[in-house]
S.K.: 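Just passing along the structure, written as structure tokens.
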Amino acid sequence: MLASERERLILKYAVHQFIDTGNPVGSRFLSKKLPVEWSAATIRNTMADLEEQGYLNHPYKSAGRIPTDKGYRTYVDNMLEIEKLTEDEKSIITLAIQEIANDISRISEGMDEILYHCSRALAKISNELGIILSPRFNLCVFDRLDLIRIAEDRVLIELRLKTGFVKTVVMDIRSHVSWNDLLSISQILNERLSGLSVAKIRSTIAERIKDTERRFDHNQRGLVQLLIQSADRLFDFDKTNVFNYAGTNNILSKPDFTNQGEVLSLIELLEDKSGFIEVLNAREHQEGTLVTIGTENHAKIINGCSVVTANYKLGDVTGTVGVIGPKRMPYGKIIPLVQYTAKALEKMFNEN
């Protein structure tokens, strides 16, 4: 906790100036920026106190000081002035969503493209990395399935979630089943499975329909057994977790990331996707905007970064929007940008 108003003001301006310039901040420089008249010596002594308390760091003896993770955290939590997005910035986000949303009849048809263009818009406005994770469909409530014969030995399985998302799978079958057979099977399965989460269905489907065997004839039972055996694949919506990012060049051009090995490792983490999906999944239950700075990020490879995220809802499940960049990012601009994007996505998905 900062002991005085002087410490608070000097820390605020030191962090703000370092974010703005990227150069270590000295007492003489601050004396020209502060709204009060304090001598360079007074400022220097206060900065030394802030360094002793862990808010600032002195990278070189002859240089000024830079914020620590603790300094950034205090600045973001207690001193940050949130900027307003311009109308042009808002329109970049809304156009990225609406141009595609207007041309789709259901969410599953255009989600990848919407999230791709939205991540590009985030990167363009923030000049950082824009990251977006689709809603976590594996946690969705299951609505119904439809079985449609498309050939003598092939069936199209259409799995619909309460959110409106639809997954289709084509399955080869051995037994001959009629259109009425498919209708009967789908009706019975829907009676037992509708209203459950897809994750629950994957783990309990055999148990839930085992006492329905007497309602099926020989051919029908063969298809039902095939559906049970294929449940892990059919009800696996984890693979529909779409992770998009854009703005790699923004990171490569930042003077903050001079260690080429760290930059390449970060890019590998993004391209692997599963690693970064895990990072974002840890934020699934966050409320409002979450800002993690430096070592607050659990993945070691992003300990030199800050991550700003907000969740958006599609029915009863969430997706995540965010920006990743250096700790020296302009938080006052990034936070409202992420919030606006999350709200715009939530509005679009729940209206379609």
Side-chain angles (χ1 to χ4, degrees), residues 104-115 133-243 273-274 277-278 281 284-285 313-319 349-350 352:
I104 62 174
S105 59
R106 65 188 186 192
I107 293 168
S108 53
E109 293 174 346
M111 177 168 289
D112 290 17
E113 197 171 355
I114 290 170
L115 298 188
L133 180 65
S134 69
R136 297 154 175 89
F137 290 112
N138 208 45
L139 302 177
C140 277
V141 174
F142 180 68
D143 184 16
R144 71 175 191 273
L145 66 80
D146 293 306
L147 303 173
I148 305 161
R149 196 167 81 180
I150 55 176
E152 187 68 25
D153 57 351
R154 304 189 91 191
V155 170
L156 175 70
I157 305 170
E158 194 174 80
L159 301 141
R160 187 178 296 273
L161 305 182
K162 290 286 188 182
T163 59
F165 187 86
V166 179
K167 175 182 177 181
T168 57
V169 179
V170 175
M171 180 175 286
D172 295 325
I173 59 174
R174 296 177 184 175
S175 55
H176 173 75
V177 285
S178 67
W179 183 87
N180 283 332
D181 289 333
L182 296 177
L183 183 61
S184 176
I185 291 169
S186 60
Q187 285 177 337
I188 293 170
L189 292 179
N190 288 333
E191 286 174 11
R192 295 302 177 96
L193 304 179
S194 181
L196 301 171
S197 72
V198 263
K200 176 70 74 174
I201 291 171
R202 283 175 63 185
S203 61
T204 64
I205 184 171
E207 184 70 22
R208 290 181 183 278
I209 64 176
K210 69 178 182 180
D211 62 344
T212 62
E213 258 190 41
R214 66 183 182 278
R215 299 168 66 178
F216 299 121
D217 63 26
H218 176 73
N219 286 338
Q220 291 173 337
R221 278 198 296 272
L223 178 55
V224 171
Q225 285 303 313
L226 183 59
L227 292 173
I228 293 172
Q229 292 164 12
S230 306
D232 280 345
R233 179 168 67 94
L234 293 174
F235 292 93
D236 181 7
F237 283 77
D238 285 335
K239 291 184 176 62
T240 61
N241 272 0
V242 180
F243 173 66
K273 295 195 175 183
S274 61
I277 286 174
E278 188 176 334
N281 277 340
E284 177 192 343
H285 300 295
K313 280 195 169 290
L314 172 54
D316 55 352
V317 291
T318 60
F349 283 138
N350 288 291
N352 276 270

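Computation of the quantities below employed the complete heavy-atom set of this structure, encompassing side-chain atoms and omitting hydrogens, waters and symmetry-equivalent molecules.
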S.K.: Hey, does the side chain of Arg192 reach the backbone of Arg208 with a donor-acceptor pair shorter than 3.5 angstrom?
M.R.: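 Yes, because the side chain of Arg192 sits within donor-acceptor range (under 3.5 Å) of the backbone of Arg208.
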S.K.: Quick check: does any side chain N or O of Asn138 sit under 3.5 Å from a backbone N or O of Asp236, one acting as donor and the other as acceptor?
M.R.: no
S.K.: Spell out, as yes or no, whether a donor-acceptor pair under 3.5 Å connects the side chain of Lys167 to the backbone of Leu161.
M.R.: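 Side chain of Lys167 to backbone of Leu161, a donor-acceptor pair under 3.5 Å: no, none is there.
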S.K.: Where do Asp181 and Ser178 come nearest, in terms of heavy atoms and distance?
M.R.: OD2-N, 2.9 Å
S.K.: Might you point out which heavy atoms bring Phe142 and Arg160 nearest each other, and give the distance in Å?
M.R.: CD1-O, 3.7 Å
S.K.: Any non-hydrogen side-chain atom of Leu133 less than 4.5 Å from a side-chain atom of Ile277?
M.R.: yes
S.K.: Distance check, rounded to the nearest 0.5 Å: Gln229 atom CD versus Gln225 atom CD?
M.R.: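 Result: 6.0 Å between the selected atoms.
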S.K.: For residues Asn281 and Arg136, report the shortest heavy-atom separation together with the two atoms involved.
M.R.: OD1-NE, 2.8 Å
S.K.: Just so I know, are the side chains of Val166 and Leu159 near enough to count as touching, which here means a heavy-atom distance under 4.5 Å?
M.R.: no
S.K.: Ser230 pairs by side chain to side chain contact (heavy atoms under 4.5 Å, CB included) with which of Leu234, Ile228, Leu227, Asp232?
M.R.: Leu234
S.K.: Among Ile209, Val155, Leu223, Asn180, whose side chain to side chain contact (heavy atoms under 4.5 Å, CB included) with Ile185 holds?
M.R.: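 Of the listed residues Ile209, Val155, Leu223, Asn180, the side chain to side chain contact (heavy atoms under 4.5 Å, CB included) partner of Ile185 is Leu223.
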S.K.: Going by side chain to side chain donor-acceptor pair (under 3.5 Å), name the residues that satisfy it together with Ser184, two or more places apart in sequence or in a different chain.
M.R.: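 If we apply the side chain to side chain donor-acceptor pair (under 3.5 Å) test to Ser184, skipping adjacent residues, there are no hits.
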S.K.: When rounded to the nearest 0.5 angstrom, what is the spacing between CG in Leu189 and CG in Asp146?
M.R.: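 That separation rounds to 11.0 Å.
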S.K.: Is it true that, when you exclude Glu191 itself, more than 12 heavy atoms of the residues, nucleotides or ligands shown sit nearer than 6.0 Å to its CD?
M.R.: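 Correct, the count exceeds 12.
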S.K.: Look up atom CG in Leu314 and atom OG in Ser134, then write down how far apart they are to the nearest 0.5 Å.
M.R.: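 Reported to 0.5 Å precision, the distance equals 9.5 Å.
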S.K.: Apply side-chain contact (heavy atoms from CB on, under 4.5 Å) to the pair Ile205 and Phe235, showing each step before the final yes or no.
M.R.: CA-CA 10 Å; Ile205 184 171; Phe235 292 93; 4.1 Å; yes
S.K.: Quick check: do Arg149 and Leu182 have side-chain heavy atoms less than 4.5 Å from each other?
M.R.: yes
S.K.: Scan Ile148, Ile173, Asp172 and name whichever one has a side chain to side chain contact (heavy atoms under 4.5 Å, CB included) with Arg154.
M.R.: Asp172
S.K.: Which atom pairs, donor and acceptor, lie under 3.5 Å between side-chain atoms of residues 193-201 and protein residues at least two apart or in another chain?
M.R.:
residue, atom, partner, partner atom, Å
Ser194, OG, Asp143, O, 2.8
Ser197, OG, Lys200, N, 3.1

